[in-house]
Amino acid sequence: MKKDFISMDQVSVDFDRQQVLKGVNLTLEQGISYALIGKSGSGKTTILNLVAGFLKPDEGTVSIHGVKVQRPRRETAFLFQELGLLPWQTVAEAVAMPLKLRGQKKGIDMLVAELLHKLGLEKHGNKYPQELSGGEQQRVALARTLIGEPDLILMDEPTSALDATTKEELQGLIRWEQQKRQATLLFVTHDVEEAVILGQYILILKEDGRIVQLENPYYFTENAREQLGFYEECIKLRGMIKMEKDV
Amino acid sequence: MKEGSWLVWTGIKRGIQGGIKRFAKGQFAGFISFLILWEVFHLLLNTHTVPSPLETLVYIVKVPGVLLLHCGASLLRVMAAIGISLLIGVPAGILMGVNETCKRLLSPLLYFIYPMPKIAFLPIFMLLFGLGNTSKIILMIWIIIFQMILSVRDGVEQIPPSYFKVMDSFCATAGQRYRYLILPAILPQIFSGLRISIGITLASLFFAENYAAVYGIGYYILSAWSKMDYVEMFGGILVIGLVGVLLFNLLDLLERLSVPRGTNPRKKNP
Ligand SMILES: Nc1ncnc2c1ncn2[C@@H]1O[C@H](COP(=O)(O)OP(=O)(O)OP(=O)(O)O)[C@@H](O)[C@H]1O
Ligand SMILES: [Mg+2]
């Protein structure tokens, strides 16, 4: 068994007397991808914010490598649903920024060019975000998340704004990059299909704060969407999200 | 043959249309239409208080050295006032934009002072800072700085919270946050603030230079007025307008050079 990478221990969060998370326990291992699903408003984004260090729990602890998370850490990268591409930065500038913020001086241009090429953005280096399509913008944000070689990647609904084809392309990219880098991926999605494509484990956040963890039988299958039983698995998961109490 | 003449005709037509378009786009068009309007007024009113534009232009061309001297003195004052306002206004605006306490403490004060007729404070400045350049420059600063602070503050407040979260997620230091996020985000606001400031300071020269001044285009207009030399007066007014055009163009150039295409209203891709 691998050592626990991230652990949440009896974590509770309240917003203005509304309890959003109640006694959540969760452990994640290094190098594995996890899909976090659950009803809207169940606290999925809140969990990502806790792990990222944007938010402190009211009770309990969140730790990475046994160290309590107090603030954002360098090795964690967050892909936001709103992307947050700065309109005054070109694609190349945006992707270079995380390295510059670290004080790196040498070899930035080469690393950026290499990554842009890998993500099929080599032609767009000098464009500004508003000059790109939605899928291209998403890939730029992904490149900006990956350039710093993070060991933990957090994503909040990374493909929700995309059409079906672009979505599948991006899912393929995310899957490939995560496996190649052996980074831990924790992503939130509304799309059960996406959870089955991208998540080796699927975490279902229930309203009572429990997290049900399932191993995804289709994770290592090529072209999972074309496999018999893929959609049955999705329907089963959808049912489990809806169910109030037990599995 | 027919084909050929048609081509020539469309060529000419295109040329004329292009010419009109270029003319309308150019700064020169504004100037010419102003002169035409002026001439119309001159003819309609038929009084020596409104001299003809031609007469005025001829006058300007006759005394360029004197006018240049007056313009130079005014420009120095305007630049000093705008420069100092930027140095104070931008940090103050940023502080109010990022710090909730500063904003709550200072905003009511600013709103209170903002609509006041600033010229009315002139006697106080004369008393405190004397009759020289200091009181003139401080008056102009007093006139423009509040809108400068408020536009910078609004610029900072308009930055989407998600941008700050992005910077946080990459562990940006406070300094990096200014360099990569806050300053580029408010740059367009600073330029529009400057544009407004230039207009207001040039207009306020009329008051700032109406006492104890020897050089200054505001003084020049006033002294012509008191001499009832209307050609000279309109010459001065026209020159202020030209100085304005010059400064606005300079500002546009600076903006084109310093604001990236992504946030530049002057560089939109078609
Ligand atoms: N800053 C906040 N202040 C007050 N309440 C908040 C805040 N952020 C989230 N909440 C509340 O916490 C609950 C959980 O929010 P969260 O964003 O984590 O849900 P989610 O599972 O990500 O939902 P969705 O799937 O719709 O994105 C919601 O009821 C929300 O109203
Ligand atoms: Mg959410």
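All figures in this text were calculated on a predicted structure; none of them were measured in a lab. Letters go in sequence order (proteins before strands), and every chain restarts at 1.
With a 6.0 Å cutoff to the six-membered ring centre and a 45° limit on the axis angle, B/K165 counts as a cation-pi contact of A/F78.
Neither the backbone nor the side chain of B/L187 comes within contact range of chain A, judged by heavy atoms closer than 4.5 Å. Proximity to chain A (any heavy atom under 4.5 Å) is shown, for B/P160, by neither the backbone nor the side chain. Using a 4.5 Å cut-off between heavy atoms, A/N126 touches chain B through its backbone atoms (N, CA, C, O) alone. For a residue to count as touching a neighbouring chain, one of its non-hydrogen atoms must lie under 4.5 Å from one of that chain's; by this rule A/K127 touches chain B with the backbone only.
Counting all heavy atoms, side chain and backbone alike, A/L83 lies closest to B/V166 at O-CG2, 4.1 Å. Pairing each heavy atom of B/Q176 with each of A/L101, the nearest pair is NE2-O, 2.9 Å. Taking each heavy atom of A/P72 and B/S169 in turn, the nearest pair found is CB-CA, 4.3 Å.
Using a 4.5 Å heavy-atom cutoff, the side chains of B/Y163 and A/L85 are not in contact. The side-chain heavy atoms of A/E131 and B/R261, taken from C-beta on, include a pair separated by under 4.5 Å. With contacts defined as side-chain heavy-atom distances shorter than 4.5 Å, the pair B/F170/A/R74 does not qualify. Looking at B/D168 and A/R71, their side chains never come closer than 4.5 Å, going by heavy atoms from C-beta outward. Contact annotation: the side chain of A/F80 never approaches that of B/S162 to less than 4.5 Å [non-hydrogen atoms, C-beta and beyond].
In the displayed structure, A/R102 atom CZ is contacted under 6.0 Å by more than 12 heavy atoms of other residues, nucleotides or ligands. Within 6.0 Å of atom NZ in A/K118, more than 12 heavy atoms from other residues, nucleotides or ligands are found, so the atom counts as buried in its surroundings. For A/K105, the NZ atom sits in a loose shell: 12 or fewer heavy atoms of surrounding residues, nucleotides or ligands are nearer than 6.0 Å. The local environment of CG in A/D109 is sparse, with at most 12 non-hydrogen atoms from other residues, nucleotides or ligands closer than 6.0 Å.
Residue A/Q89 holds its CD atom at 9.0 Å from CG of B/L181, rounded to the nearest 0.5 Å.
Top candidate by heavy-atom pairs under 4.5 Å with chain B, chosen from A/A52, A/G84, A/P150, A/G53, is A/G84.
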